[in-house]
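First comes the structure, then the notes that go with it.
Since the structure is predicted, the reported quantities are computational estimates derived from the model, not experimental observations.
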Amino acid sequence: MGVINPIANGGFLTTTVEAAINWAQANSLWPMPLGISCCGIEMMAFAASRFDVARFGSEKMGFTPRQSDLLIVAGTVTYKMAWVVRKIYDQMPDPKWVISMGVCASSGGMFRSYSVVQGIDLFLPVDVYVSGCPPRPEALIKALMTIQEKIKRTRPILIDSEATPVEAIEVQRTPSGLLVPAE
């Protein structure tokens, strides 16, 4: 006895436009990888054939922010690099999501110095944090699945030209030319 397929037998399928849009967005995330330091190697393994991110519809690594909707920040972010990360985020079209990969991107890690940002959530809205030093590719796959579930639970975003951007961290330049957090 075979499985009964209602669509093949003249049946019909009902859904909502919102559910169809959410399904399409969740299953076709295009990552913009920012492998700033050692976590970048684990992010590369995540995209390789052993872990096969293609089964989640995310095999196209954008390398251009205008064609990506998922920013993966992997590694230590310095204040000098923070404005570049923010500019890449700002160039991505809405809706967009952010994964903070590794303890350095999430909290500054072991680098408690004036030059390292103590968590990218100071200048970017982060959707999912991945812990570890470095985190395993499986942890990044779990983060991707978490974002997919988050997308499926939300309403599709209508683009609003009057929306206000997320506030960036205030920095000041030292006499030697370094950017440090404003006091």
Side-chain angles (χ1 to χ4, degrees), residues 25-152 154 165-171 178-181:
Q25 283 181 343
N27 293 303
S28 63
L29 289 170
W30 286 2
M32 169 67 200
L34 275 178
I36 299 172
S37 58
C38 46
C39 288
I41 301 298
E42 297 298 320
M43 183 177 56
M44 290 176 216
F46 153 81
S49 59
R50 180 173 181 188
F51 296 100
D52 191 24
V53 74
R55 62 192 157 145
F56 299 101
S58 298
E59 69 273 10
K60 184 200 176 294
M61 294 284 185
F63 296 106
T64 174
R66 289 176 182 88
Q67 295 178 357
S68 302
D69 52 7
L70 173 64
L71 179 63
I72 303 173
V73 181
T76 309
V77 180
T78 61
Y79 284 99
K80 199 174 207 179
M81 190 67 181
W83 73 272
V84 175
V85 175
R86 179 59 197 215
K87 185 171 189 170
I88 288 171
Y89 174 81
D90 289 339
Q91 290 176 350
M92 292 170 60
D94 286 322
K96 52 191 166 189
W97 299 274
V98 177
I99 294 176
S100 177
M101 182 178 175
V103 71
C104 291
S106 299
S107 67
M110 65 193 104
F111 304 107
R112 299 276 182 231
S113 68
Y114 68 92
S115 62
V116 176
V117 177
Q118 300 300 305
I120 65 168
D121 55 353
L122 294 174
F123 62 93
L124 283 182
V126 177
D127 295 294
V128 178
Y129 295 91
V130 180
S131 62
C133 182
R136 297 275 307 142
E138 294 93 343
L140 188 53
I141 289 174
K142 174 65 175 157
L144 179 67
M145 292 168 61
T146 303
I147 287 193
Q148 287 179 328
E149 290 303 316
K150 181 177 182 178
I151 293 169
K152 290 175 185 175
T154 60
V166 176
E167 292 298 318
I169 186 172
E170 291 187 29
V171 295
L178 292 174
L179 290 176
V180 295

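- With hydrogens and angles disregarded, no donor-acceptor distance shorter than 3.5 Å links the side chain of Asp69 to the backbone of Leu29.
- In this structure, the separation between CD1 on Ile151 and OG1 on Thr154 is 6.5 Å, given to the nearest 0.5 Å.
- With a 4.5 Å cut-off on side-chain heavy atoms, Arg66 and Met92 do not count as touching.
- Note that CG of Leu71 and OG of Ser100 are 9.5 Å apart. Values are rounded to the nearest 0.5 Å.
- With rounding to the nearest 0.5 Å, the separation of CD1 in Ile99 from CG in Leu34 is 12.0 Å.
- Taking NZ of Lys96 as the start and CD1 of Ile88 as the end, the distance is 11.5 Å to the nearest 0.5 Å.
- More than 12 heavy atoms of other residues, nucleotides or ligands shown are found within 6.0 angstrom of NZ on Lys152.
- Taking every heavy atom of both residues into account, Ser68 and Phe63 meet most closely at OG-N, 4.4 Å.
- Using a 4.5 Å heavy-atom threshold, the side chains of Asp127 and Lys150 count as touching.
- Between Ile36 and the options Thr76, Thr78, Val85, Val84, a side chain to side chain contact (heavy atoms under 4.5 Å, CB included) holds for only Val85.
- Annotation: the span from Arg86 atom CZ to Met81 atom CE amounts to 15.0 Å, rounded to 0.5 Å.
- Nearest heavy-atom pair, Phe123 versus Ala82, reported as atom, atom and distance to 0.1 Å: CE1-O, 3.6 Å.
- Atoms OG1 and CH2, on Thr64 and Trp30 in that order, are 11.0 Å from each other to the nearest 0.5 Å.
- Side-chain N or O atoms of Gln67 include none that pairs as donor or acceptor with a backbone N or O of Pro65 at under 3.5 Å.
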